[in-house]
Amino acid sequence: MLGFRDPVADAIGLLRPRTVVGPSLRATGEWAIRFDTFLHVRIGGLVRGTCWLILDGHEPVLLREGDTFMLGNPPPYVLASTLDARPRPAEQVWARAEDGFVRIGPESEDDLYLCAGHIAFDDSNAALLTDLLPPLVLVRAGDPHGARLAQLIDLLANEVGVAAAGGPLVQNHLAQILLVHMLRAHASRTAWPCGWLGALNDDGIGAALRAMHTDMAHPWTLKELAEISNMSRSAFAQAFKSHVGVPPLEYLIRWRMNLACDALARDTLSISELARATGYQSESAFSTAFRRVAGSSPAKFRAQARRSVEIGS
C-alpha cells in the first residue's frame, strides 16, 4: 500500500525535501546582501538584532529579534542593516564563510545573528507547496506561533557550525519541523484557498481532508464528507471549494493521482495494486481517471519515468 497518513505527511513525503542550513550571518555596522531569485523555500529567523528584508516588488519589512520568515519561490531580495546600504552579491559574501558563519564587521561586536536554510523539493511535485505560498510569510515574535518558531530557530542556530555527531541529521529534521510550523502559522491566517494546508486547521474542512488522506481507498461520497464536517452537503461543498480551491471530490481525485504518479515513477506498485489503493474497483476505472488528470495512461507514464531514470543514470 501507499502508506497514507495525513495530508501534511503525504504532501511532504511527495515533496522529498532536501535542506541546506546556513551559513548563519553575524553582522555589525552598515551592510547589505543581495540574493538572486531561487526555487522553492527559504526559512530564516533572527536570533538577535534587527535587519531589513527587501523583496523586489514589495514594501521593505523590518525584522526584529525572534521574528521568523519563509520565502516561497521569491524574487531577488536584500537583507540589510539600513534601507540605503549598498548591497553586495550573496555569493561573494557567502564565499567567506568559516565554521558555518559569515561575519561582517568586528567579531566582538556582533549586533545581528540570523539563521537561515534553503529547502528544495522534488521538481515534479514542488508546485504542491509553492503554488500555495505567497513570496513572504512573516511570523512576528509576539504572534501565537512566534514563541515556538523562535525556539526552533534558536535550536537550529545552535547546531550550525557545531562539529557534533549527527549534526547534519539534526539540522535537516529541525528545518523540516520549522517548515511544518511555518505552514501551520500561514494556514491559520490566510484568507486565500490553501489546498491541503487546510488540513492544518481544526475546523470541519480540515477534518474532511484528514479523513480522505487517512483512508484514500475508501469510496468517499459528498454526503459522508459533509457529515464528518458537521455541515449540509451544499454548505460543505461551498466551504470546501472556497477554502481549498477545488470541489471536494475533485480534490480527492487529484490527490489520488498525485500519489499514483509518484508510485508509478518509483515503480513500487502494479497498476492493479494502485487502482485498489486509490479507491477504484477496476484498472479501467483507475486508468480513465489517471488519463484525465495526468494526460496519459498509467502504463505510458511509468514507461516514460523508467526511460528518464535510464537516461539520467
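In this text, all values refer to a predicted model and were calculated from it rather than measured experimentally.
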Main-chain N/O of Ala185 paired with Ser188 side-chain donor or acceptor, under 3.5 Å | yes
Does Arg48 pair with Asp154 as a salt bridge, N-O distance under 4.0 Å?
-> no
Counting only N and O atoms by type, is there a donor-acceptor contact under 3.5 Å from the side chain of Gln238 to the main-chain atoms of Ala235?
-> no
Parallel, tilted or perpendicular: ring planes of His40 versus Phe121, cut at 30 and 60 degrees = tilted
So how far is it from Leu136 CG to His186 NE2, rounded to the nearest 0.5 Å?
-> 10.5 Å
Smallest heavy-atom separation, Leu15 atom then Asn125 atom, equals CD2-O, 3.3 Å
Kindly write out the residues that satisfy side-chain hydrogen bond (donor to acceptor under 3.5 Å, both in side chains) with Lys223, not counting sequence neighbours, or none if the list is empty.
-> Glu227
Apply the test side chain to side chain contact (heavy atoms under 4.5 Å, CB included) to residues Leu114 and Val47: give CA-CA distance (whole Å), side-chain angles for both, the deciding distance (0.1 Å), then the verdict.
-> CA-CA 6 Å; Leu114 181 142; Val47 180; over 6 Å; no
Heavy-atom check, side chain of Thr82 versus side chain of Glu30, under 4.5 Å | yes
Does any non-hydrogen side-chain atom of Leu63 lie less than 4.5 Å from one of Phe69?
-> yes
Are any non-hydrogen side-chain atoms of Leu133 and Met70 less than 4.5 angstrom apart?
-> yes
Heavy-atom closest contact (Leu79 atom, Trp31 atom, distance) | O-CZ3, 3.2 Å
When you look at Arg210 and Asp10, which way does the salt bridge (Lys or Arg N to Asp or Glu O under 4.0 Å) test go after all the steps?
-> CA-CA 11 Å; Arg210 290 190 292 274; Asp10 285 347; over 6 Å; no
Indicate yes or no for a side-chain donor-acceptor contact from Ser24 to the backbone of Cys115 under 3.5 Å, with no hydrogens or angles considered.
-> no
Here the pair of heavy atoms bringing Arg42 nearest to Phe38 is CB-CZ, 3.2 Å
When you check the gap from the basic side-chain N to the acidic O, do Asp262 and Arg16 get nearer than 4.0 Å?
-> yes
For the hydrophobic clusters of this structure (ILVMFWY residues joined by side-chain heavy atoms under 4.5 Å, transitively), does one cluster hold both Met182 and Val20?
-> no
Tell me whether Trp52 is reachable from Val137 by hopping between hydrophobic residues (I, L, V, M, F, W, Y) whose side-chain heavy atoms are closer than 4.5 Å.
-> no
Flag the pair Tyr77 / Asp36 as yes when at least one side-chain heavy-atom distance between them is below 4.5 Å, and no otherwise.
-> no
Given Ile119 and Leu178, is the side chain to side chain contact (heavy atoms under 4.5 Å, CB included) satisfied, shown in steps?
-> CA-CA 11 Å; Ile119 304 179; Leu178 188 61; over 6 Å; no
Working for side chain to side chain contact (heavy atoms under 4.5 Å, CB included), residues Val21 and Glu159 | CA-CA 9 Å; Val21 179; Glu159 287 292 325; over 6 Å; no
Using a 4.5 Å cut-off on heavy atoms from C-beta on, say whether the side chain of Asn73 contacts that of Val41.
-> no
Working to the nearest 0.5 Å, report the span between OG1 of Thr214 and CE of Met216.
-> 8.5 Å
Atom CD of Glu65 with >12 non-hydrogen neighbours under 6.0 angstrom = yes
Same cluster (ILVMFWY, side-chain, under 4.5 Å), Tyr280 and Val293 | yes
So which heavy atom on Thr278 is nearest to which on Arg256, and how close?
-> O-NE, 2.7 Å
If you measure from OG on Ser81 to CG on Asp111, what distance do you get to the nearest 0.5 Å?
-> 8.5 Å
Okay, side chain of Gln304, backbone of Phe301: is any donor-acceptor separation there less than 3.5 Å?
-> no
Separation between CG (Leu39) and NE2 (His118), nearest 0.5 Å, reads 7.0 Å
CD1 of Ile12 to CD of Gln176: how many Å apart, nearest 0.5 Å?
-> 7.0 Å
Linking I/L/V/M/F/W/Y whenever their side-chain heavy atoms sit closer than 4.5 Å, directly or via other members, would Leu46 and Leu83 fall into one cluster?
-> no
Begin from the C-alpha positions of Phe101 and Leu25 and carry the test side chain to side chain contact (heavy atoms under 4.5 Å, CB included) through to its verdict.
-> CA-CA 6 Å; Phe101 292 98; Leu25 175 64; over 6 Å; no
Under a 4.0 Å N-O cut-off, is there an ion pair linking Arg18 with Asp122?
-> no
Flag side-chain contact, heavy atom, 4.5 Å: Arg140 against Leu138 | yes
Least distance between heavy atoms, Pro248 atom then Leu222 atom = CG-CD1, 3.5 Å
Indicate if Val78 and Val61 have the same hydrophobic cluster label, given that clusters are the connected sets of ILVMFWY residues with side-chain heavy-atom separations under 4.5 angstrom.
-> no
Heavy-atom nearest pair, Leu197 first then Ala187, reads O-CB, 3.6 Å
Heavy-atom neighbours of Arg233 CZ exceed 12 at 6.0 Å = no
Lys/Arg cation over aromatic Tyr251: Arg254, 6.0 Å, 45° cone = no
Flag side-chain contact, heavy atom, 4.5 Å: Leu128 against Trp255 | yes
To the nearest 0.5 Å, tell me how far Met231 CE sits from Asp203 CG.
-> 6.5 Å
For residues 284-292, tabulate all N or O donor-acceptor pairs below 3.5 Å that involve a side-chain atom, not counting sequence neighbours.
{"unit_1": "Ser284", "atom_1": "OG", "unit_2": "Ser282", "atom_2": "OG", "d": "3.1"}
{"unit_1": "Ser287", "atom_1": "OG", "unit_2": "Glu283", "atom_2": "O", "d": "2.9"}
{"unit_1": "Thr288", "atom_1": "OG1", "unit_2": "Ser284", "atom_2": "O", "d": "2.9"}

Does atom CZ of Arg103 have more than 12 heavy-atom neighbours from other groups under 6.0 Å away?
-> yes
Would you indicate whether the side-chain heavy atoms of Leu209 and Met212 approach each other to under 4.5 Å?
-> yes
